[in-house]
Amino acid sequence: RAEVVINDSSSPAVVDRSNESIKHNIKPASSKWSHNQTLSLKIRKQILKFLDAEKDISVLKGTLKPGDIIHYVFDRDSTMNVSQNLYELLPRTSPLKGKQFPTCAIVGNSGVLLHSGCGPEIDAHSFVIRCNLAPVQEYSQDVGMKTDLVTMNPSVIQRAFEDLVNETWREKLLQRLHSLNGSILWIPAFMAKGGKERVEWVNELILKHHINVRTAYPSLRLLHAVRGYWLTNKVHIKRPTTGLLMYTLATRFCNRIYLYGFWPFPLDQNQNPVKYHYYDSLKYGYTSQASPHTMPLEFKALKTLHQQGALKLTVGECD
Ligand code: CTP
């Protein structure tokens with residue numbers, strides 16, 4: 001068990017924002033970093049004891065039928081029925097079945113990506129994962145365009161598409177979905193009760209407009225399994241963020257993992273302000289006790305893995 005020590009016993013509750021970015025100083029992208037293949041394989045093996053990304057990435061059609069009742073992962077007392085639309089969109093086989101990629105990029109949504117010029121480097125990876133339908137076109141120089149898998153928390157429909165209150169917003173979402181062009185759209189539909197209607201709206205749009213995406217709905221055990229892995233490694237996260245989930249899944253099918261846009265701090269390494277998201281005006285809220293995430297703690301763990309060569313974090317400009 002746990003030869004990879006990603007130890008952190010400090011309390012994540014209070015974060016001294018002014019010093020945080022200095023403490024997390026990471027050398028520029030161009031400085032020497034080498035991949036530790038042995039460690040990467042060891043981590044893959046350890047994670048496989050908790051979950052199997054190939055299976056847990058999505059519930060499959062064969063395992064559910066319309067009308068089945070599901071208890072939400074975080075709201076156990078609330079249930080949902082598997083709708084006909086959801087059933088139709090469940091994949092028959094895992095979208096990652098038998099897949100192995102030489103390199104993968106996981107693109108987080110931090111404003112640290114702005115002016116990074118990382119777009120071409122990100123697009124050069126064999127498999128590119130993005131989070132929460134973040135826009136790419138207007139930011140392609142810094143974030144790239146290639147998208148093989150993109151996540152969509154139901155809350156994104158509220159936050160970025162105004163809960164589809166009118167035709168304009170529906171059209172915006174439709175366009176974004178069309179632009180996915182065959183990639184995997186990963187929707188955590190069974191996590192929290194609040195997202196029920198939003199998931200249904202998206203499912204309906206996909207079917208009605210014959211949108212070319214491969215939908216995936218993570219397994220009911222994924223979140224707890226991911227948390228279990230990190231807790232076993234002494235990373236005391238509350239609820240894993242989408243970014244950490246994606247890294248944990250990617251260890252299964254990516255040989256080398258490169259992270260961009262992971263920087264949960266309001267100042268960069270040169271003490272310049274950093275937007276929380278590269279594309280909107282959302283503010284930092286992760287330090288609040290109410291937030292389910294412990295992003296700086298996750299970052300610390302990822303930074304340790306970077307230093308050990310298990311993954312590469314880029315938090316500045318690309319070459
Ligand atoms: N991220 C980061 N620093 C930021 C913003 C985001 O490191 N300033 C990373 C986190 O790992 C995050 C991912 O990028 O999960 C995607 O960003 P976002 O869409 O904001 O994250 P969520 O985890 O989905 O947030 P929530 O679950 O609250 O919607």
Side-chain angles (χ1 to χ4, degrees), residues 12 15 17 20-21 24 26 72-74 104-114 116 118 122 128-136 139 142-144 147 149-161 176 185-192 194-195 198-199 218 222-223 226-227 230 235 237-251 257-269 272-306 311-316:
V15 175
R17 291 178 175 194
E20 203 61 21
S21 56
H24 287 299
I26 297 232
Y72 286 102
V73 173
F74 295 119
C104 295
I106 305 175
V107 187
N109 286 335
S110 164
V112 80
L113 278 164
L114 293 170
S116 68
C118 287
I122 291 173
V128 179
I129 299 174
R130 299 182 188 274
C131 302
N132 285 323
L133 282 184
V136 285
Y139 305 94
D142 294 327
V143 309
T147 304
L149 184 153
V150 63
T151 70
M152 192 210 87
N153 283 347
S155 59
V156 168
I157 301 303
Q158 179 195 21
R159 245 172 26 204
F161 297 96
R176 183 71 187 99
L185 176 63
W186 190 83
I187 308 177
F190 313 125
M191 301 304 150
R198 295 171 184 131
V199 172
L222 179 71
L223 258 285
V226 168
R227 186 159 176 267
W230 290 99
V235 181
I237 48 174
K238 283 200 262 178
R239 188 187 294 187
T241 64
T242 303
L244 191 73
L245 273 176
M246 290 300 118
Y247 165 71
T248 314
L249 290 174
T251 57
I257 300 177
Y258 295 76
L259 267 45
Y260 304 85
F262 283 66
W263 187 259
F265 312 111
L267 298 176
D268 70 13
Q269 302 191 93
N272 298 313
V274 177
K275 288 178 71 186
Y276 181 65
H277 281 161
Y278 65 83
Y279 51 89
D280 64 21
S281 51
L282 209 71
K283 298 280 179 252
Y284 284 83
Y286 60 82
T287 46
S288 96
Q289 289 290 345
S291 166
H293 298 319
T294 31
M295 273 197 205
L297 191 69
E298 288 187 5
F299 183 85
K300 201 170 173 188
L302 295 172
K303 187 185 142 194
T304 304
L305 291 171
H306 166 91
L311 57 83
K312 184 174 178 193
L313 263 173
T314 297
V315 297

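All residue numbers refer to positions in the sequence shown, counting from 1. Each ligand, and each atom within it, is numbered from 1 in the order the structure gives.
- The shortest contact between atom 5 (C) of ligand 1 and any protein heavy atom is with Y276 O, 3.5 Å.
- Residues F190 and Y72 keep their aromatic ring centres 6.0 Å or farther apart.
- For the residue pair W230 and T248, a side-chain donor N or O sits within less than 3.5 Å of a side-chain acceptor on the partner.
- For the pair I106/F262, a side-chain contact is recorded, criterion being any heavy-atom separation below 4.5 Å from C-beta on.
- For R130 (side chain) and V143 (main-chain N/O), a donor-acceptor pair under 3.5 Å exists by modelled atom type.
- Close approach to R159 involves these atoms of ligand 1, each under 4.0 Å from a residue heavy atom: 29 (O).
- Those atoms of ligand 1 with a heavy atom of T242 less than 4.0 angstrom away are 15 (O), 22 (P), 23 (O), 24 (O).
- Considering both main-chain and side-chain atoms, H277 comes within under 3.5 Å of ligand 1 through a nitrogen or oxygen pair.
- Residue K275 has no N or O atom closer than 3.5 Å to an N or O atom of ligand 1.
- Residue contacts with ligand 1, taken as heavy atom pairs separated by less than 4.0 Å, involve C131 solely via side-chain atoms from C-beta onward.
- Side chain of T151 to main chain of N132: a donor-acceptor pair is present (N/O by atom type, distance under 3.5 Å, no hydrogens or angles).
- Around atom 11 (O) of ligand 1, the closest heavy atom drawn from T151, V156, T241 belongs to T241.
- H306 places a side-chain N or O within 3.5 Å of a backbone atom of L313 that can act as its donor or acceptor partner.
- For N153, a nitrogen or oxygen atom sits less than 3.5 Å from a nitrogen or oxygen atom of ligand 1, counting backbone and side chain alike.
- In plain terms, the two heavy atoms of L311 and L302 that are nearest each other are CD1-O, 3.6 Å.
- Formation of a donor-acceptor pair under 3.5 Å by the R227 side chain with backbone atoms of K238 is found in this model.
- Residue contacts with ligand 1, taken as heavy atom pairs separated by less than 4.0 Å, do not involve M191 at all.
- Annotation: G243 places an N or O atom under 3.5 Å from an N or O atom of ligand 1; distance criterion only.
- Residue contact check: G108 has heavy atoms under 4.0 Å from atoms 14 (O) of ligand 1.
- Every atom of ligand 1 is numbered from 1 in the order shown, and the set under 4.0 Å from a heavy atom of G261 is 1 (N), 2 (C), 7 (O).
- Scanning all protein heavy atoms for the shortest distance to atom 27 (O) of ligand 1 gives H293 NE2, 2.8 Å.
- Of the heavy atoms in W263, only backbone atoms (N, CA, C, O) come closer than 4.0 Å to ligand 1.
- Between V274 and W263, the closest side-chain pair of non-hydrogen atoms falls below 4.5 Å.
- At distances below 3.5 Å, at least one donor-acceptor pair connects side-chain atoms of T304 with backbone N or O atoms of K300.
- Counting heavy atoms closer than 4.0 Å to ligand 1, residue N132 contributes side-chain atoms (C-beta onward) but none from N, CA, C or O.
- Between F299 and F265, the gap from one ring centroid to the other is short of 6.0 Å.
- Not a single heavy atom of R239 sits under 4.0 Å from any atom of ligand 1.
- Checked by distance only, ligand 1 and Y279 stay at 3.5 Å or farther apart across all their nitrogen or oxygen atoms.
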